Amino acid sequence: MKKSRKIAISTVNDEQIVEAWFDQNSKQSFRQSLLKWFRVHRREMPWRESRDPYRVWVSEIMLQQTQVATVIDYFRRFIRQFPTVQRLATADEQSVLRQWEGLGYYRRARQLHAAAKMIVAEFEGTFPATVDELLRLPGVGRYTAGAIASIAFDESAPILEGNTVRLFARLMGLTEDVRVSKTQKILWRFSERLVPAKGAGEFNQALMELGSLVCRDRDPNCRACPVARSCVALSLGTQREIPVASPKFEYESIREAAVVLRRGKNVLMRLCQPSERWAGLWDFPRYPFPHGDPVSNLTRLIKKDSGLDLELDEERLSLRHAVTRFRIELKCYGGRVRSGRLKRNSAFQWVSLHDIDELPLSATGRKIARSISAFF
DNA sequence: AATTCGGGGTC
DNA sequence: GACCCAGAATT
C-alpha cells in the first residue's frame with residue numbers, strides 16, 4: 001500500500017503534473033485573463049494584417065528560430081515579390097533564396113518553395129486547411145501546422161515553441177530539462193489541455209505574446225502578468241530558475257580562407273552543393289586555413305580544384321562570425337588568373353561583378369562581396 | 001536521442 | 001562570450 005503510493009507520487013512528475021495544474025486553476029478564467037491582456041498589448045505585425053493562409057504560412061516558416069524583429073522586413077519584401085502561393089510556386093529557386101539571404105536556415109526557403117509547388121499541384125491551389133494536411137508540407141512540423149491551422153483556419157490546435165515552453169514551464173513549476181523529449185511531451189499535453197475550442201488562433205498568439213513581452217527569458221515581469229495567480233514558479237519564487245535547459249552545443253573555433261579571384265570583370269564563385277552548408281547558395285572559394293605559407297598553399301588548392309593557373313596576393317580582409325556551432329575566423333585573399341580554363345562540372349563558375357547582386361550568398365559571402373573593391 | 005542547419009540580438 | 005529566438009529534418 002505504501003509502496004504503490006510512493007510510485008504514484010513519483011509519476012506525478014510526468015503526465016499528471018499537467019492535471020495537477022488544471023485541478024488547481026480554472027482554464028476559463030485563465031483564458032479570459034490572457035485574452036483581455038492580449039487585446040490591450042497585442043503588437044502590430046505585417047502578417048497580422050490578414051488571415052490569408054499563405055501569409056500566415058510564410059510568416060511561420062520565417063519565424064522558426066528567428067526573432068520577430070528580424071523577420072518583419074524580410075516578410076514584407078517576400079510578400080511583395082511573391083504575393084500568392086501561385087507566384088511563389090512558379091518562381092525560380094535562386095530568386096527565392098535571394099529573398100531569404102541573411103535569414104539563415106536556408107533549407108526553410110527551399111522547402112517553402114517546394115511546398116508551394118505541392119500546394120498548387122496536389123492541393124489544386126486550395127490551401128491545406130487542417131493540421132494533418134499541413135503536416136504533409138515540407139518544413140511544416142507540429143508547431144507550424146498548429147499555428148497555421150489555428151490562426152488561418154480557426155482549428156482548435158495546440159502549439160509549442162520557445163515562448164510557450166518558457167511560459168508553460170513556469171506556470172507548472174517544471175524543474176526538468178525542457179529539451180528532453182519526456183518534458184516536451186508534458187508541455188505538449190499542457191498546450192492540448194489549454195487550447196480553446198473556438199478562437200484558438202488568437203489564444204495561441206496571446207500565449208506567445210505573453211511569453212515574449214512578459215514571461216521573458218531574463219527578467220520576467222511577473223508584476224505585469226495577467227495570469228500570475230496561476231503560476232507555480234512565481235508562488236515559489238523560482239521564476240528565474242525556470243526553464244531549465246541543457247546546453248545546445250559547444251562552440252568550436254576554426255579558421256578558414258576565402259579567395260576573391262578575378263579575371264577581367266568576372267569573379268570566381270562556387271555553387272554550394274546539396275550536401276553542404278548553404279546548399280543552393282553561392283560562395284567564394286573557401287578552404288580550411290592551410291598550414292605553412294597560406295598564399296602558396298591556397299594557390300595550389302585552387303589550381304587543383306579549378307584547373308586555373310593563378311597568382312594570389314596577400315590577405316585583404318579578415319572576418320569573424322559564428323555559424324551553427326562554429327566560431328570562424330575567415331581570412332580573405334585577392335588574386336588574378338594567369339591562364340587556363342575552368343574544369344568541367346566543377347561547382348565553380350565565373351560571375352560578372354554586376355550579377356553578384358542577384359545571386360543568393362551566405363551572410364559572410366555578402367560581406368566579402370560588399371567589400372570586393374578592396375581586392376582590386 | 002543527437003546532430004545539423006544561420007545569423008542576429010542582447011546582456 | 002554565452003544564450004536565445006513563433007523548429008524541422010536527418011542520422
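Hydrogens, waters and symmetry mates are skipped; everything else that's a heavy atom, side chains included, is used. Please read all numbers here as calculations on a predicted model, not as lab measurements.
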For A/Lys36, is the NZ atom crowded, meaning more than 12 foreign heavy atoms sit under 6.0 Å from it? no
Among side-chain atoms of A/Ser212 and A/Asn163, is any donor-acceptor pair under 3.5 angstrom? no
Take nucleotides 5-11 of chain C nucleotide by nucleotide from the 5' end and write B, S or -, depending on whether a protein heavy atom sits under 4.0 Å from the base, only from the sugar-phosphate, or from neither. BBBSS--
Output the rounded distance in Å from CZ (A/Phe326) to P (B/dG8). 18 Å
For a quick check of understanding: with a heavy-atom distance under 4.0 Å over all strands, which category does A/Tyr106 fall into, base, sugar-phosphate or nothing? sugar-phosphate
How many Å lie between CH2 on A/Trp278 and P on B/dT4, as a whole number? 15 Å
Under the side-chain hydrogen bond (donor to acceptor under 3.5 Å, both in side chains) test, residues paired with A/Arg277 that sit two or more places apart: A/Thr324
Classify the ring geometry between A/Phe127 and A/Trp57 as parallel (under 30°), tilted (30 to 60°) or perpendicular (over 60°). perpendicular
Value in whole Å for how far the C1' atom of B/dG8 lies from CE of A/Met62: 15 Å
Taking atom P of B/dG6 as reference, at what distance in whole Å does atom CD of A/Gln99 sit? 18 Å
Would you indicate what A/Thr164 reaches in the nucleic acid, counting non-hydrogen atoms under 4.0 angstrom: base, sugar-phosphate, or nothing? nothing
Could you tell me the separation between the CZ atom of A/Arg218 and the P atom of C/dC3, rounded to a whole number of Å? 10 Å
If you pin A/Thr70 and A/Ser275 to their nearest nucleotides in DNA chain B, which one's is more 5'? A/Ser275
I'd like the P distance from C/dA6 over to B/dT4, given in whole Å. 24 Å
Mind calculating the distance between NE2 (A/His321) and P (B/dG8) to the nearest angstrom? 10 Å
Evaluate the ring pair (Phe, Tyr, Trp, His ring centres under 6.0 Å) criterion for residues A/Phe249 and A/Tyr251: first the C-alpha distance (whole Å), next the side-chain angles of each, then the deciding distance (0.1 Å), finally the verdict. CA-CA 7 Å; A/Phe249 50 78; A/Tyr251 281 103; 5.2 Å; yes
Look at all strands and tell whether A/Ile61 reaches a base, only sugar-phosphate, or nothing, counting heavy atoms closer than 4.0 Å. nothing
Out of B/dC5, C/dC3, B/dG7, minimum distance to the side chain of A/Arg277 belongs to B/dC5
How long is the line joining CH2 of A/Trp282 and C1' of B/dG6, in whole Å? 21 Å
Taking for each residue the nucleotide of DNA chain B with the nearest heavy atom, is it A/Phe249 or A/Ser181 whose nucleotide lies nearer the 5' end? A/Ser181
Using heavy-atom distances to pick each residue's nearest nucleotide on DNA chain C, tell me which of A/Arg320 and A/Pro243 is more 5'. A/Arg320
Nucleotide B/dC11, atom P - distance to CZ of A/Arg240 in whole Å: 14 Å
Taking atom P in both C/dT11 and B/dG6, what distance in whole Å separates the two? 15 Å
Looking only at side-chain N and O atoms, does A/Asn266 offer a donor or acceptor that is under 3.5 Å from a partner on A/Ser352? no
Which is it for A/Trp21 and A/Phe190 under the ring pair (Phe, Tyr, Trp, His ring centres under 6.0 Å) test, yes or no, and what are the steps along the way? CA-CA 9 Å; A/Trp21 188 90; A/Phe190 188 86; 4.9 Å; yes
